[in-house]
There are 2 protein chains.
Amino acid sequence: MTAPTTPQVEETITTRERILREASTLFAARGYYGSSTRDIAAAVGIQQPSLFHHFPHKQAIFQELLSYSLDDSAAVAEYLAGASGSPAARLYRFLVEDFRYLMESPYDLRSIFNSGVLEGEEFEPWGRTARRLHVAVAEIIRQGIEVGDFIEIDVNFARQAVSGLMLETIRERSLGEKLPAQRPTRTADFMLRALLTDPDRIGEVATEACAIEGLPLYRDTTTACD
Amino acid sequence: MTAPTTPQVEETITTRERILREASTLFAARGYYGSSTRDIAAAVGIQQPSLFHHFPHKQAIFQELLSYSLDDSAAVAEYLAGASGSPAARLYRFLVEDFRYLMESPYDLRSIFNSGVLEGEEFEPWGRTARRLHVAVAEIIRQGIEVGDFIEIDVNFARQAVSGLMLETIRERSLGEKLPAQRPTRTADFMLRALLTDPDRIGEVATEACAIEGLPLYRDTTTACD
DNA sequence: GTCTATATTCGGATAGAC
DNA sequence: GTCTATCCGAATATAGAC
């Protein structure tokens with residue numbers, strides 16, 4: 001008769017999953033090269049060679065984290081770059097989605113964005129995905145300037161500012177505390193305030209942004225924005 | 001009779017200096033641990049053991065870069081946190097000075113801000129300096145909110161946004177091209193637009209910022225801002 | 001100030017038992 | 001799926017000649 005106390009699934013975390021989580025934390029703290037497989041194994045609580053039962057080599061751990069953080073983000077950005085609606089709303093929506101994705105992820109993904117590791121040959125496919133993501137975001141910003149939504153600004157400068165903001169703000173998450181649920185929209189508000197020719201339009205931009213449909217979404221988003 | 005073609009000092013770059021420059025580039029690209037002393041030596045054009053004639057160990061190279069990028073920035077931020085004048089102008093000035101310092105530096109200092117390496121014991125004193133810098137910047141922002149210069153915003157969030165913006169935008173520099181001379185003020189404009197309750201006040205904020213005197217300055221600044 | 005040669009430690013990865 | 005034992009290459013650093 002009474003509803004089940006909490007329908008939350010009793011998450012069984014596999015060793016493989018624990019490896020990914022601990023590795024992401026270590027990579028974020030000391031970099032990919034600064035974290036040895038021994039460090040990772042110790043954090044998980046297994047011996048170092050046991051790692052190789054779950055991943056063929058160290059690179060594969062990083063590559064899985066790269067795919068997790070880049071693939072869907074790039075897809076969303078490219079979808080939004082070609083979607084209808086105002087560029088400002090589309091950029092807003094991208095920021096909200098991407099930020100929430102990073103915020104709710106069980107991994108600490110800072111190392112992915114930080115490091116020049118992506119430039120290395122062994123991670124070349126993921127470097128290309130990162131560039132596709134950058135191109136798509138820059139394109140939305142370009143459109144925004146063109147139609148007068150955004151101030152006249154160097155497109156690449158603005159694109160990098162967006163990246164920097166995302167990166168630094170997810171840094172908090174790693175400190176352990178849960179970030180407030182409104183953080184994604186607050187972050188988007190902040191960025192758009194700097195870009196909009198008329199900052200007072202933020203309200204309507206946010207409303208339009210949250211109404212955008214058809215995103216190739218990572219997960220089932222119950223509510224679009226807030 | 002004719003003036004000397006270019007009074008530019010014929011810069012004699014010592015091996016030690018070349019080591020610092022090449023190391024900073026490698027650290028930025030592949031991280032501190034990802035760059036071996038062999039890599040550094042090869043970039044400089046000497047054999048690996050020759051490095052140890054100039055620096056007692058690898059750490060010392062990184063430590064010198066840390067001091068270069070943190071010491072003066074922290075001093076300026078702390079000075080400005082306690083100075084008179086509007087908080088908005090003081091934050092603006094900090095951004096201009098810090099950005100220009102990073103922009104004109106012969107080193108690629110991204111690794112310093114990126115990495116969690118600073119958290120390691122071996123670099124503890126520099127980690128403390130970084131925290132002092134953060135506290136000072138957060139304090140200026142707090143003052144700005146208090147007097148109504150800035151919108152109501154989480155102080156730490158704003159402080160991190162500032163860091164992220166600086167970091168990402170100096171990334172360009174490393175791509176080789178000289179950044180335009182107006183970039184420091186454009187960056188400060190951008191950040192202040194997001195923070196100011198009244199973005200239209202940027203003009204007067206910039207004017208006041210450039211008039212601030214008494215900074216514990218890194219180098220002889222001929223002109224204050226532009 | 002730079003070199004060659006080398007000591008030593010550490011990191012990634014494999015073999016094979018349980 | 002995890003363990004112990006181990007190989008091999010790479011990395012930091014030292015010794016000592018030129």
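Chain identifiers are assigned alphabetically (A, B, ...) following the order of the sequence lines, protein sequences preceding nucleic acid strands; residue numbering begins at 1 within each chain. Bear in mind that the values here come from a model prediction, so they are computed numbers and not experimental data. Computation of the quantities below employed the complete heavy-atom set of this structure, encompassing side-chain atoms and omitting hydrogens, waters and symmetry-equivalent molecules.
The side-chain heavy atoms of B/L91 and B/L80, taken from C-beta on, include no pair separated by under 4.5 Å. Considering only heavy atoms from C-beta on, A/Y68 comes within 4.5 Å of A/Y101 through its side chain.
When each of B/V117, B/L70, B/I112, B/L65 is checked for a side chain to side chain contact (heavy atoms under 4.5 Å, CB included) with B/W126, only B/L70 meets the rule.
Distances shown here put every side-chain N or O of B/T15 at or beyond 4.0 Å from the OP1 or OP2 atom of C/dG1. Under 4.0 angstrom from either OP1 or OP2 of C/dC3 there lies no side-chain N or O belonging to B/H53.
The CD atom of B/Q47 sits 15 Å away from the P atom of C/dT6 (whole-angstrom rounding). Whole-Å rounding puts the B/H54 NE2 to C/dC3 C1' distance at 12 Å. Taking atom CD1 of A/I46 as the reference point, atom P of D/dG1 lies 11 Å away to the nearest angstrom. Atom-to-atom, CZ of B/R16 to P of C/dG1 comes out at 11 Å; the value is rounded to the nearest Å.
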> How does protein reach along nucleotides 11-18 of chain D, written 5' to 3' as B (base within reach of a heavy atom under 4.0 Å), S (only sugar-phosphate), or - (no contact)?
Replying inline: BBBB----

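Taking every heavy atom of both residues into account, A/G127 and A/L118 meet most closely at N-CD2, 3.7 Å.
Salt bridge B/R90/B/E139: absent, no basic N to carboxylate O contact under 4.0 Å.
For the residue pair B/R30/A/Y33, the side-chain donor-acceptor check at 3.5 Å is satisfied.
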